[in-house]
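Notes follow the structure.
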Amino acid sequence: MSKKAITLLFILALIVTSLSIVVYLQNTSSMNMESMGNNAKQNSSNKVLPLSKHSYAENIVNPKPGQPIKKFNLIALEGTNEIRKGEFKPIWGYNGKVPGQEIRVTEGDFVEVTLKNILPEPVTIHWHGYPLNSAMDGVPGVNQDAIRTGESFTYKFSADVPGTYWYHSHQQGSKQVDKGLYGALIVEPKSSSKPDKDFTLILDEWTESNDDMESMEGMDMGGANESFATAEEASLAEEEGMREMYNIYTVNGKSGDSITPLEVKQGDVVRLRFINAGYRTHTVHIPGTNIKVVSTDGQEINGAQIVKDKLVSISPGERYDIEFTVENNQSFYIDFHDSNLFNDQIKIPVLVDGNQQEYIKDGMVNLELLDLSDYGIPSEDSFTLEQDYNDIYEIDLGIQLNDGTLQYTINGQIFNELPPLILKNNNLVQVTYTNKSNVDHPMHLHGHFFQVIAKDGKPVKGATLSKDTLLIKPNESYTIAFEADNPGNWVQHCHELHHAAGGMMQEIKYIGFKSNYTLDPANTFNNPE
Ligand code: C2O
Ligand code: CU
């Protein structure tokens, strides 16, 4: 045998040995971790669904050879926003603007966003809904240290999943997102034709004066509600208080006449990307127009049918893309029909062919809500209620008074007392959320898309909805399913961020996952709620 052949054989033997060591280590570690015990229903006969098309965690913090790189620089700083004509509000914004710069890239791009913080408090960026490596997820104390004043951090991820997403600070969200630290992340599909017009519309609510905003901070942890006999009374009072206090509604940071008209031409195919960055659910109406709701939370709705004069409900954290063709040259307003108090401030003018003369008045009442659990056509790779799951979790969303303080709970506990939800790579997971409180909870899961499979125990019809945020109203229960395909440290929480701050948040950990992030020993500045 030649010297070369012997060397080759030796290398081969080395590779085989180290591979088996790795396999052995993986097996033993997962065996050990099994005893960490979730109440999993173990089952070997799972059909593995073609759901995960991406291996998110691998090779994602560095570009692949030849991958186009798109770089952005953001500075978190104080700014001023002319919210209505002549009315200036102090804000915190990425580059001092609200919303922050839209990050629009093409599927397949590698995105690098360098954030420098010159605000007096630590901040982060969380890429809401985007499946990326958890080291880039921006949850302080969970997957990164918050970026302190004067520091910078570069977020990197591969934009492999097209759709409408958004980004926001995850440090003290109920304060920082409220102050304006948010923007849109749009990943355009590589193939498929572009619409003629593509508008991003970010909804939000503000308080009249900045003093109110400061006083809201005191309410973040529920405040002291000593005068209430029951948690139900306290939560209704808090809800009502905020409903009235947040009395300026905005679209892309502007209210009323200051909202920029959407300029279109007759015959245009228009895509509207609605993002709810606020804390109230808004139901939008595109009057007299044939529309299709083509995606939710960035994920396509299979076989979306044309509907007319139906309302589309958009909860905090959710996104909906609506498409329509401009049918005539009559300008009109997109408006909102719901019990919110200040909808007249967010009529969005659609200016057709520059026709300023008259905008059609909508005036329609008692419109029906589009029922997404019966819209579109199911896809073949849907999870079902009947199939086997490795892990089945029940999550009860509740409220309680603790020493007069209103708390928002998950299974009766608040964030810092709650044990993490445990996932295992490649397991199929089913979660049932039940809202046992008297207020809405839009629940958001980081790092994964889930499918909505049942409502109140009954299978949903229509298109398979792949989402990251789901509204659960009082007394409702929803069952979702997903594949644990993105090992990392994550969280789930209510996206009514005051509720998250009041406790409705939980860590999610993968068995055997080791993060290369170690918590700063002086962890006091991390505030993930
Ligand atoms: Cu949009 Cu954990 O957040
Ligand atoms: Cu909530």
Side-chain angles (χ1 to χ4, degrees), residues 99-100 123-132 134 136-144 146 164-178 181-185 202-204 219-222 231-232 234-236 238-239 242-243 275-281 297-298 314-319 395-400 406-410 414-415 421 433-448 467-476 478 488-508 526-529:
V123 298
T124 67
I125 293 180
H126 165 57
W127 305 94
H128 181 120
Y130 216 74
L132 35 63
S134 77
M136 299 292 137
D137 193 51
V139 184
V142 173
N143 41 41
Q144 78 164 120
T164 304
Y165 305 87
W166 62 300
Y167 65 94
H168 60 80
S169 180
H170 219 289
Q171 170 87 353
Q172 265 196 297
S174 57
K175 172 183 175 182
Q176 295 197 353
V177 180
D178 226 30
L181 284 165
Y182 63 77
L185 165 67
I202 311 185
L203 309 173
D204 196 9
M219 279 178 73
D220 282 354
M221 294 307 293
E232 282 69 25
S235 66
L236 281 187
E238 181 168 294
E239 163 95 7
M242 285 198 283
R243 195 165 102 101
I275 300 172
N276 191 338
Y279 79 101
R280 297 202 65 81
T281 294
D297 294 355
I314 312 161
S315 293
E318 278 192 310
R319 288 88 63 212
I395 292 190
D396 288 350
L397 308 167
I399 44 172
Q400 66 191 26
L406 178 61
Q407 296 182 327
Y408 294 86
T409 60
I410 288 179
I414 57 168
F415 181 51
L421 190 89
Y433 295 103
T434 304
N435 186 346
K436 299 198 164 165
S437 78
N438 58 350
V439 287
D440 288 2
H441 301 298
M443 290 301 290
H444 170 46
L445 173 67
H446 284 217
H448 304 77
K467 293 179 64 59
D468 55 66
T469 309
L470 179 67
L471 176 66
I472 302 123
K473 291 185 191 155
N475 301 315
E476 280 182 352
Y478 274 97
N489 292 328
W490 307 100
V491 289
Q492 63 171 345
H493 59 88
C494 179
H495 223 286
E496 210 297 24
L497 295 173
H498 305 96
H499 297 178
M504 195 172 279
M505 175 152 166
Q506 181 178 33
E507 266 194 78
I508 297 175
N526 287 318
N527 193 343
E529 308 98 323

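Atoms within each ligand, like the ligands themselves, are counted from 1 in listed order. Just so it is clear, the structure is predicted and the values come from calculations on it, not from any experiment.
For His168 and His170, the ring centers are positioned less than 6.0 Å apart. Taking the six-membered ring wherever Trp is involved, the centroid distance between the rings of Trp166 and His495 falls below 6.0 Å.
Classification of the Trp127-Tyr167 ring pair by plane angle, with boundaries at 30° and 60°, yields tilted.
The N, O or S atom of His499 with the smallest distance to the Cu ion (ligand 2) is ND1. As for His441, its N/O/S atom nearest the Cu ion (ligand 2) is the one called ND1.
Put simply, the residue from Ile399, Val439, Leu406 that forms a side chain to side chain contact (heavy atoms under 4.5 Å, CB included) with Glu232 is Ile399. Here the rule is side chain to side chain contact (heavy atoms under 4.5 Å, CB included) with Met443, and of His499, Met504, Glu496 only Met504 fits it. Checking Thr409, Asn475, Asp396 one by one against Lys436, the side-chain hydrogen bond (donor to acceptor under 3.5 Å, both in side chains) holds for a single residue, Asp396.
Not counting sequence neighbours, the partners of Pro528 by the side-chain contact (heavy atoms from CB on, under 4.5 Å) test are Val139, Pro140, Phe415, Met505.
Distances under 2.8 Å from atom 2 (Cu) of ligand 1 pick out the protein N/O/S atoms His170 NE2, His446 NE2, His493 NE2.
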